[in-house]
Trainee: 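Questions regarding the structure given below will be posed in turn.
Below, chain A is the first sequence line, B the second, and so on; all start at residue 1. Worth knowing before you read on, the calculation uses all heavy atoms, side chains too, and leaves out hydrogens, waters and symmetry mates.
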Number of protein chains: 2
Amino acid sequence: MSTPGRGLHGRVLDSLGPAITAGDYPGGSVLRTDELAQRFEVSRSVMREAVRVLESMHLVESRRRVGVTVLPKSAWNVYDPQVIRWRLAGTDRPRQLRSLTVLRSAIEPVAAGLAAQHATAEQCAELTECALGMVANSRGHKLEGYLVHDVAFHRVILTASGNEMFARLGDVVAEVLAGRTHHEVMFEDPDPAAVTLHVQVAEAVRGGDAARAEQLTREITEGALQELDILAP
Amino acid sequence: MSTPGRGLHGRVLDSLGPAITAGDYPGGSVLRTDELAQRFEVSRSVMREAVRVLESMHLVESRRRVGVTVLPKSAWNVYDPQVIRWRLAGTDRPRQLRSLTVLRSAIEPVAAGLAAQHATAEQCAELTECALGMVANSRGHKLEGYLVHDVAFHRVILTASGNEMFARLGDVVAEVLAGRTHHEVMFEDPDPAAVTLHVQVAEAVRGGDAARAEQLTREITEGALQELDILAP
DNA sequence: GTGACAAATAAGTCTGACTTTTTGTGAGCG
DNA sequence: CGCTCACAAAAAGTCAGACTTATTTGTCAC
C-alpha cells in the first residue's frame, strides 16, 4: 500500500513514527539525535534526516541545547497520510477511524453534489461501472471484490468533485473502507440498502442532480457512522 | 504566524517550497542535490535535509541515478499547513482560496452540529463572547477587530466539535478569513446578515440545537462561497 | 533486434572536526 | 536572601571529503 522504508532514513521513520503516534513517547519527552542514531544503528546524518521529516509533520521539535522534543498530539499534522497510516496501525486506531468517518460524513456529500455538476461523461461511466461491480459482488461473500469497487466508487466521486482537496482524501477513504472490511467484523454481505444507495448516487450524478446526489451520499455516510456506533458505542 | 527559516535547511525551504508550489518547476522537472546545494550556498547535508522535507510533503521524489524529481500537483500534500501557506503566498492563491472555501463549506456546518452536542459551558461562553465582539466591530470600519473575533468564533466551533481533524482546520480557516479581509476587496463593513447568523449559531450551540446550528452555519459558508463567485466568477 | 555486460552518474551513507546557540550554574554583589 | 552577569557545558547545526550502491544507459557481441 504505502512505500515502506525508502532508504535508511525511511526505515528509521517506519519504526520511530508509529512509536511516537502510538504514544510511546508522551508529549514533552526529550530524545537526543546521537542516542537515536546509536539505537537505530545509523549515522547521524541519516538520523537527522529522519528527525527533519518528523519535524515537518509536527510530531517533534528540534531545539539546540535541549534535544528533540516530542510534541503533544494537538500539534500533529493529522492530515498527513503517513501519520494517518501510522495511527491506523497502532493503538490509536479506533479514535482515528472515528475521526476519519466523521470527516467523510462531512466531505463526501458535498463532493457528490459537486460531482453531479462537474463530472465528465467518462467519470459518469466509471461511476456506473463501479456501482455495477458493487452489485455484482454484493451477495455470496465476495467481500474483496466488493471492497475494490466501493473504494473506486468513492475515489471517482471525490475526484469528479473538481476540488483538489477533496480528491486528495481518496486514499484516506480507501484506508477507512479497507479497515472496515479487514479489521472490523464484517462476516456477512454488505447492507443491500447501501448498495442501492450507491447505484442511485451514480444515477443522480449522471443526471446532474446535485441535491439528490448530496442527499443520497449523506445517507451512505450516515450509515457508516451508525455502523461505528454499533461497534464501539 | 508561521515559523520562518529555522536553521539553514529552513531557509532553503522558504525559498524552494514556494518556487515549486508556484509552478516554477513543472511536474517532472529534475533537480540535482549538488547543484541545489551550490545554488543556495549550503552544504549537501543541509540540502539533503531540505529535500527530505519536500519529499515528505510529496512535492518531490528523490531517486538514485536520476535526481530530485518534482512531482505533479496531484501528488502534493495539499493539507500540509506549510504547503497551504506557500500556495496562498504565490500565484496559486485564487485557486487555493477557492478550494479552502469549498472545504470550509463542507466541514463547518457538520462541526457546528457536533459542537451543539459536545460544547462545554466554557466553550459556549467563549462563543457568545466572540459573537458579541463581532457585533461590536460590525459597523464603522473596524475590520481588524471584526476579523479577530470572527477567527476566534470559527476556531471555537471547530475545537468544540470534539473532532481532532476538524480542530486542526482552525489555522486554515484563520488564513482564509484573514485573506478575505486583507487581500480581497473589503472596503465596507461586513454583511449584517452574516453577523446575525453568527449570533444565532452561538445561541443554537448554547441551546444544544444541532440541526439548527448546522443549518445556520451552512448559510454562513454559503455566503462565503457566493462572495467568492462575485469576486472571481 | 536482443540480450548481457560494463561504465557512468547521482543519490545515499559514514565519519570526524568544527560552530553556534541555549541553558544552567555559580561567583560576586547589592 | 535574591539578583545579575559571565562562563562553561551540552546538544543541535554545519561543513567537507571519501566512499558505497543502485540505476540507467550505452555498447558490443551474438
Trainee: Can a donor-acceptor pair be found, under 3.5 Å and without considering hydrogens, that links the side chain of A:Asn137 to the backbone of A:Gly133?
Mentor: yes
Trainee: Which nucleotide, C:dA11, C:dT15, D:dT14, lies nearest any side-chain atom of B:Leu8?
Mentor: D:dT14
Trainee: Please report the distance, rounded to the nearest Å, between NE2 in B:His9 and P in D:dC15.
Mentor: 13 Å
Trainee: Checking side-chain hydrogen bond (donor to acceptor under 3.5 Å, both in side chains) for the pair A:Glu55/A:Ser62: CA distance, chi angles, key distance, verdict?
Mentor: CA-CA 7 Å; A:Glu55 209 174 17; A:Ser62 182; 4.7 Å; no
Trainee: Side-chain contact, heavy-atom cut-off 4.5 Å: A:Arg93 with A:Arg87?
Mentor: no
Trainee: Quickly work out the A:Asp34 CG to C:dG16 P distance and round it to whole Å.
Mentor: 13 Å
Trainee: Are there over 12 heavy-atom neighbours, none belonging to A:Gln117, within less than 6.0 Å of that residue's CD?
Mentor: yes
Trainee: Indicate, with a heavy-atom threshold strictly under 4.0 Å, whether A:Arg52 touches base, sugar-phosphate, or nothing.
Mentor: sugar-phosphate
Trainee: Looking at D:dT14, C:dA11, D:dA12, which one has an atom nearest to any side-chain atom of B:Val46?
Mentor: D:dT14
Trainee: Taking CG from A:Leu36 and P from D:dA11, how many angstroms apart are they, rounded to a whole number?
Mentor: 13 Å
Trainee: Taking atom C1' of C:dT13 as reference, at what distance in whole Å does atom CD of A:Glu49 sit?
Mentor: 9 Å
Trainee: In whole angstrom, give the distance that lies between atom CD of A:Gln38 and atom P of C:dC14.
Mentor: 13 Å
Trainee: For nucleotides 22-26 of chain D, give me every protein contact, N/O to N/O, under 3.5 Å, one pair per line with atom names.
Mentor:
from	atom 1	to	atom 2	distance (Å)
D:dT24	OP1	B:Arg63	NH2	2.6

Trainee: Looking at side-chain heavy atoms only, is the closest gap between A:Thr69 and A:Arg63 below 4.5 Å?
Mentor: no
Trainee: Where along residues 53-61 of chain A does a heavy atom come under 4.0 Å from DNA chain C, residue by residue in number order?
Mentor: none
Trainee: C:dG12 P sits how many Å from A:Leu13 CG, rounded?
Mentor: 13 Å
Trainee: Does B:Asp92 reach the side chain of B:Thr21, with side-chain heavy atoms less than 4.5 Å apart?
Mentor: no
Trainee: Could you state the CZ-P distance from A:Arg6 to C:dT13, rounded to the nearest angstrom?
Mentor: 12 Å
Trainee: Does the side chain of B:Ser45 get closer than 4.0 angstrom to OP1 or OP2 of D:dT14 through an N or O atom?
Mentor: no
Trainee: Write down the distance between CD (B:Glu41) and C1' (D:dA16), rounded to a whole number of angstrom.
Mentor: 16 Å
Trainee: If you check every side-chain atom of A:Ser62, which of D:dC15, D:dG13, C:dG16 has the closest atom?
Mentor: D:dG13
Trainee: Output all residues satisfying ring-ring contact (aromatic ring centres under 6.0 Å, His included) with B:Phe153, sequence neighbours left out; order by chain, then residue number.
Mentor: B:His198
Trainee: Is it the case that more than 12 heavy atoms not belonging to B:Glu129 sit under 6.0 Å from its CD atom?
Mentor: no
Trainee: For B:Leu16, does its backbone N or O pair with a side-chain atom of B:Trp86 as donor and acceptor, under 3.5 Å?
Mentor: no
Trainee: Going by modelled atom types, is there a donor-acceptor pair between the base of C:dG16 and the side chain of A:Arg44 at under 3.5 Å?
Mentor: yes
